[in-house]
Amino acid sequence: MFFITLISLLLGSSEALYSTTSNVIELTPTNFDNLVIKGEEIWIVEFFAPWCGHCRQLVPEYEKAANALRGVIKVGAVNADNHKELAGRYDVRGYPTIKIFGTNKNRAVAEDYTGQRTAQGLIDASLSAAKNKINAQLGAKPSSKQSEGKDVVELTDGNFDKLVLNSDDMWLVEFFAPWCGHCKNLEPHWAEAATQLKGKVKLGALDATEHTNKATEYGIQGFPTIKYFTPGSKDSHSASDYDGGRTAGDIVNWALDKLAENVQPPEIQQVIDEQSFKKPCEEKPLCVISILPHILDCQSDCRNSYLNLLKEMGEKYKKKMWGWLWAEAGAQHELESALDIGGFGYPAMVVVNAKKMKYSVLRGSFSKDGINEFLRDLSYGRGNTAAVKGAELPKIIKTEAWDGKDGELPVEEDIDLSDVILDEKDEL
């Protein structure tokens, strides 16, 4: 009997990690909604189990944070062992789990705290949530450094479907929270990966504490969460979890491996107007431009043999995600002049980096081996380059697309000379 009583006393005392005089407020199903959900204050709430060693280790830091935040942020604790239904409501699966209830309290998924389990980490996250709430009440956007990555696309509930689901591009999307420590650690790597993958894979970031519809739709329960969207047609069910590392190199390698599984061979497009030229060149890392002989000098069979060669090379280098273009000799004089091609005969080839306004001309043979060697050297950063004249892409003249047929000489009109009266001096 004494042993049972002792165990009961020990268990009973262990259930309360925080005393009634602590600034950590005990939360239960009875008072949780009134205090946390319906209240205007920001809350940071720990879900703990009395038997959890990590929970006991957190107590002094959590108490210190509660004391420092007194009168500014509310700090609470839920005994998840006793109140399993309340813990289940917020998908608590391990202890301690810490949630922040800031601007968006009524959504099903609260904001997970994933920072360091120190008083300072807890305080910083709480104050960040407070700042976001103030900004929201001012009508301003929550603070976020995620947008500083110039090649990271800022996603919202409003533009997500248009940019991600309704595009043919492959996307990696990070769902983050401004106060999340792991998100801040990921930020420079995410930005660097976006720059390295530009023109191949698009990287986006969505503040899940502000744009809660998409966060809920994709079941986001922790931060950062990264979702992968395959290239081509997509819908809301096409997302899958990213399972790679968190460095820029890890992200780039993972994305390129996925891209290789899905990428289609490039289309060899004819340059017929500004859009057909600039879009493949400006949106791709490099664009490969071929100037093929005039149709009168190289009829359809001849031209198709060159186009088939370009398709073969496009297939070989499809993982590079380059743009592939061709134009008929003499049709785009400014293009040939600006890139110094055509003067030594046709066919000719040049590769352009529109971002750096640099180009490199194929000096070898326009053959499978010659082109392969040229492109292989460029892919390894070798080869001679020159600056595009005028430091801008040349202007393109609008022309008709090739109809796939042989060329025909223009029909000359027959002139009847029988009625022409010649002076004697003009007679032949």
Side-chain angles (χ1 to χ4, degrees), residues 199-200 256 260 263-272 276-397 399 402 404 407:
K200 300 177 182 177
L256 291 179
V263 67
Q264 296 296 314
E267 180 184 356
I268 314 300
Q269 301 180 59
Q270 183 181 1
V271 178
I272 56 173
S276 65
F277 174 63
K278 287 190 173 181
K279 185 176 175 64
C281 278
E282 292 180 338
E283 296 184 1
K284 300 293 184 179
L286 300 174
C287 59
V288 183
I289 305 171
S290 297
I291 306 297
L292 302 184
H294 193 280
I295 192 64
L296 294 178
D297 297 324
C298 175
Q299 294 285 7
S300 58
D301 287 345
C302 170
R303 177 170 289 182
N304 282 323
S305 69
Y306 286 130
L307 291 176
N308 288 334
L309 173 60
L310 295 176
K311 289 177 183 178
E312 184 179 353
M313 290 293 100
E315 170 73 34
K316 182 178 179 65
Y317 288 92
K318 66 179 183 178
K319 295 179 184 178
K320 300 295 183 181
M321 299 297 290
W322 295 336
W324 289 73
L325 302 170
W326 73 275
E328 184 176 74
Q332 302 294 341
H333 292 288
E334 287 198 34
L335 173 63
E336 294 188 36
S337 175
L339 302 179
D340 192 29
I341 50 177
F344 49 85
Y346 304 101
M349 176 179 285
V350 63
V351 173
V352 178
N353 184 326
K355 183 178 180 181
K356 297 181 179 179
M357 283 298 154
K358 299 281 188 180
Y359 69 93
S360 182
V361 177
L362 169 67
R363 300 298 182 185
S365 65
F366 197 96
S367 63
K368 180 178 179 180
D369 290 340
I371 293 173
N372 182 54
E373 183 179 354
F374 172 58
L375 297 180
R376 183 187 60 207
D377 286 348
L378 287 178
S379 67
Y380 287 115
R382 299 194 294 264
N384 297 322
T385 61
V388 176
K389 295 177 183 177
E392 63 180 2
L393 293 176
K395 293 182 179 180
I396 300 298
I397 299 172
T399 59
W402 179 45

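Values reported hereafter were calculated over all heavy atoms of this structure, with side chains retained and with hydrogens, waters and symmetry mates removed. Here the structure is a predicted model, which means the values were calculated and not measured.
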**OP:** Return the minimal non-hydrogen interatomic distance between Thr399 and Ala331, and the atom names on each side.
**Re:** CG2-O, 4.3 Å

Subject >> NZ (Lys316) with more than 12 external heavy atoms under 6.0 Å >> reply: no

Original post:
Measuring from Arg376:CZ to Arg382:CZ, what's the distance to the nearest 0.5 Å?
Top reply: 7.0 Å

**OP:** Decide yes or no for Trp402 and Glu328: does some side-chain heavy atom of the first lie under 4.5 Å from some side-chain heavy atom of the second?
**Re:** no

Original post:
Does atom NZ of Lys200 have more than 12 heavy-atom neighbours from other groups under 6.0 Å away?
Top reply: yes

**OP:** Search all heavy atoms of Gly370 against all heavy atoms of Leu362 and return the closest pair with its distance.
**Re:** O-CD1, 3.8 Å

Original post:
Is the closest side-chain heavy-atom distance between Val388 and Lys356 below 4.5 Å?
Top reply: no

Subject >> Side-chain donor or acceptor of Ser337 paired with backbone N/O of Glu334 under 3.5 Å >> reply: no

**OP:** Only pairs at least two apart or in different chains count here, so list each ring-ring contact (aromatic ring centres under 6.0 Å, His included) that has a residue in residues 293-318.
**Re:** Tyr306-Phe366, Tyr317-Trp322

**OP:** List the atom of Ala338, the atom of Pro394, and the distance in Å for their closest heavy-atom pair.
**Re:** CB-CB, 3.9 Å

Original post:
Any side-chain heavy-atom pair from Leu307 and Asn304 closer than 4.5 angstrom?
Top reply: yes

**OP:** Show the numbers, then the answer: is there a side-chain contact (heavy atoms from CB on, under 4.5 Å) between Tyr346 and Asp297?
**Re:** CA-CA 10 Å; Tyr346 304 101; Asp297 297 324; over 6 Å; no

**OP:** Compare all side-chain heavy atoms of Glu312 with those of Glu315 and state whether any distance is below 4.5 angstrom.
**Re:** no

Original post:
Which heavy atom of Leu286 sits nearest a heavy atom of Asn353, and at what distance?
Top reply: CD2-CB, 3.6 Å

**OP:** Given side-chain contact (heavy atoms from CB on, under 4.5 Å), test Leu310 with Met349 step by step and report yes or no.
**Re:** CA-CA 10 Å; Leu310 295 176; Met349 176 179 285; 3.6 Å; yes

**OP:** Could you grab the distance from atom CG of Leu309 to atom CD1 of Ile371, nearest 0.5 Å is fine?
**Re:** 4.0 Å

Original post:
Does Ser276 use its side chain to pair, donor to acceptor, with the backbone of Val271 at less than 3.5 Å?
Top reply: no

Original post:
Roughly how far, to the nearest 0.5 Å, is the CZ atom of Phe374 from the CE atom of Met313?
Top reply: 13.0 Å

Original post:
Any side-chain heavy atom of Ile291 within less than 4.5 Å of one from Gln332?
Top reply: no

Subject >> Reported CG-to-NZ distance for the pair Leu339 and Lys389, which is rounded to 0.5 angstrom >> reply: 9.0 Å

Subject >> Member of Ile289, Val350, Ile341 meeting the side-chain contact (heavy atoms from CB on, under 4.5 Å) criterion with Glu336 >> reply: Ile341

Original post:
Rounded to the nearest 0.5 Å, how far apart are CE of Met357 and CD of Glu392?
Top reply: 7.5 Å

Original post:
Is the shortest heavy-atom distance from the side chain of Glu282 to the side chain of Leu393 under 4.5 Å?
Top reply: yes

Original post:
Taking C-beta and beyond as the side chain, do Cys281 and Leu325 meet within less than 4.5 Å on heavy atoms?
Top reply: yes

**OP:** Quick one: pull up CG in Leu378 and CD in Glu373 and give me the separation to the nearest 0.5 Å.
**Re:** 11.0 Å

